[in-house]
Student: 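Quick one: the structure is below, and I'll ask about it shortly.
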Amino acid sequence: MTTEPNTPRIVVGVDGSDQSKQALRWAARIATAENARIDAVAAWDFPSTLGWNALPLGYSPRLDIEKSLTDAVDEVFGPQRPTDMQLITREGNAAHVLLMYSQGAIMIVLGSRGHGGFAGMMMGSVSAEVAEYATCSALIMHGNAPATAIAA
Amino acid sequence: MNVDDVMPMTRRVVVGVDGSEPSKRALRWAAYLAQSMHASIEAVIAWNLGAAAYAPYPSNWDPADDARITIDHTLDSVFGAQHHPADLKVTVLEGYPPKVLLDVSADADMLVIGSRGHGGFAGLLLGSVSAACTEHATCPVLVTHGTTPEPPNTGHSPAQLVAPASPGHQSTDRGTRHDH
């Protein structure tokens, strides 16, 4: 980490979904109060159900996820991105990546379901795993209400 | 849809209390966030007879009274007897705890619950109450764990965290801040 080790840190899981944008807004508010910095984390994984041959040449999930993360952060904050905010992309299982980055943080914020899941599955496996195994507070976003409504 | 049509004008943080240490930590986080959000706090305890419903119990035993005493003691221990947050609401309800918490938090801005971390069976770390709430709540849910740090800067009044108002939203600072 480049900044002071004692700076409180809030981790946000970002997958580009509306809930993850809500999570960014909540994290920013709490970070403002605490002079905490934010790590916005997106994980990517090669689709395990596809063979390598199914992937078109030049397909890069890492570039996709970097764009998705940057787009989400820009949409939420525009030019007023919180200071010291880090955008982090990492290959791996999303829950494992988020749990790893949440070590030592004061809070992890993420959507309950994001893009994954299906009707009838109330809570995504990522948020369930993070809520269960995080060593810090876990703030889980719910519902489809716009973030302004939730946080206003 | 105009969000002001559907949002309650006052913000409210609901916190589940059962007298345990995790629920005390949850209360401290709830108080911290409520203060930051200019929200009121509703501390909720649920009671039910459970197996006792089928056993003889003393006629002078009132489980609702017991629950009230438990939550009062917990609040005194967290905030100090003289320093409860100004607009703290205490709610004692009969019922299955997850259902009670989900009902009470249905139109809240946040639900805070402490995970016991040792309920259930090996492998199920999240207590059953917090697991049910995390899954079925309609508002954001903050789950605190035994390993969760205490809320930051509880020694002073944070109060800098003012969520930006949505257009037309009336400020409802109703003196929620308190010292503890």
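Proteins get letters first, then strands, A, B, ... in listed order; numbering begins at 1 in each. Bear in mind the structure is a predicted one, so any value in this text is a computation, not a measurement.
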Student: Hydrophobic clusters here meaning ILVMFWY residues chained together by side-chain heavy-atom distances under 4.5 Å, can you tell me if B:V112 and B:L102 are in one?
Tutor: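 No, it is not one cluster - the side chains of B:V112 and B:L102 are not joined through contacts under 4.5 Å.
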
Student: Can you name the nearest heavy-atom pair linking B:P140 to A:M141, along with the distance?
Tutor: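 Closest approach of B:P140 to A:M141: CB-CE, 4.0 Å.
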
Student: With a 4.5 angstrom heavy-atom cut-off, is it the side chain or the backbone of A:A105 that approaches chain B, or both, or neither?
Tutor: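 Interface part for A:A105: backbone (N, CA, C, O).
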
Student: Report whether A:I108 and A:L99 are members of the same hydrophobic cluster (ILVMFWY, side-chain heavy atoms less than 4.5 Å apart, transitive linking).
Tutor: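 Yes, same cluster.
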
Student: Are B:V143 and A:L139 packed together at the side-chain level, in the sense that at least one heavy-atom pair is separated by less than 4.5 angstrom?
Tutor: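 No, side chains not in contact.
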
Student: Could you measure the distance from the CD1 atom of A:I140 to the CD atom of B:E135? Nearest 0.5 Å is fine.
Tutor: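 Nearest 0.5 Å value for the CD1-CD distance: 11.5 Å.
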
Student: Would a 4.5 Å heavy-atom cut-off, applied to side chains only, mark A:M107 and B:L142 as touching?
Tutor: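 The answer is yes, as the side chains (C-beta and beyond) meet within the 4.5 Å cut-off.
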
Student: Give a yes or no on whether A:V41 and A:M100 share a hydrophobic cluster (residues Ile, Leu, Val, Met, Phe, Trp, Tyr; joining criterion: side-chain heavy atoms under 4.5 Å apart).
Tutor: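 Yes; A:M100 is reachable from A:V41 via cluster members.
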
Student: Are B:V141 and A:H142 packed together at the side-chain level, in the sense that at least one heavy-atom pair is separated by less than 4.5 angstrom?
Tutor: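 B:V141 reaches A:H142 side chain to side chain.
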
Student: Between A:I88 and A:L63, is there a shared hydrophobic cluster once you connect ILVMFWY residues whose side-chain heavy atoms come closer than 4.5 Å?
Tutor: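 Different clusters: A:I88 never reaches A:L63 through Ile, Leu, Val, Met, Phe, Trp or Tyr contacts under 4.5 Å.
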
Student: State yes or no: do B:L49 and B:I71 share one hydrophobic cluster built from I, L, V, M, F, W and Y residues joined by side-chain heavy-atom distances below 4.5 Å, directly or via other members?
Tutor: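 Yes, because B:L49 and B:I71 connect within a single hydrophobic cluster, where side-chain heavy atoms sit under 4.5 Å apart.
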
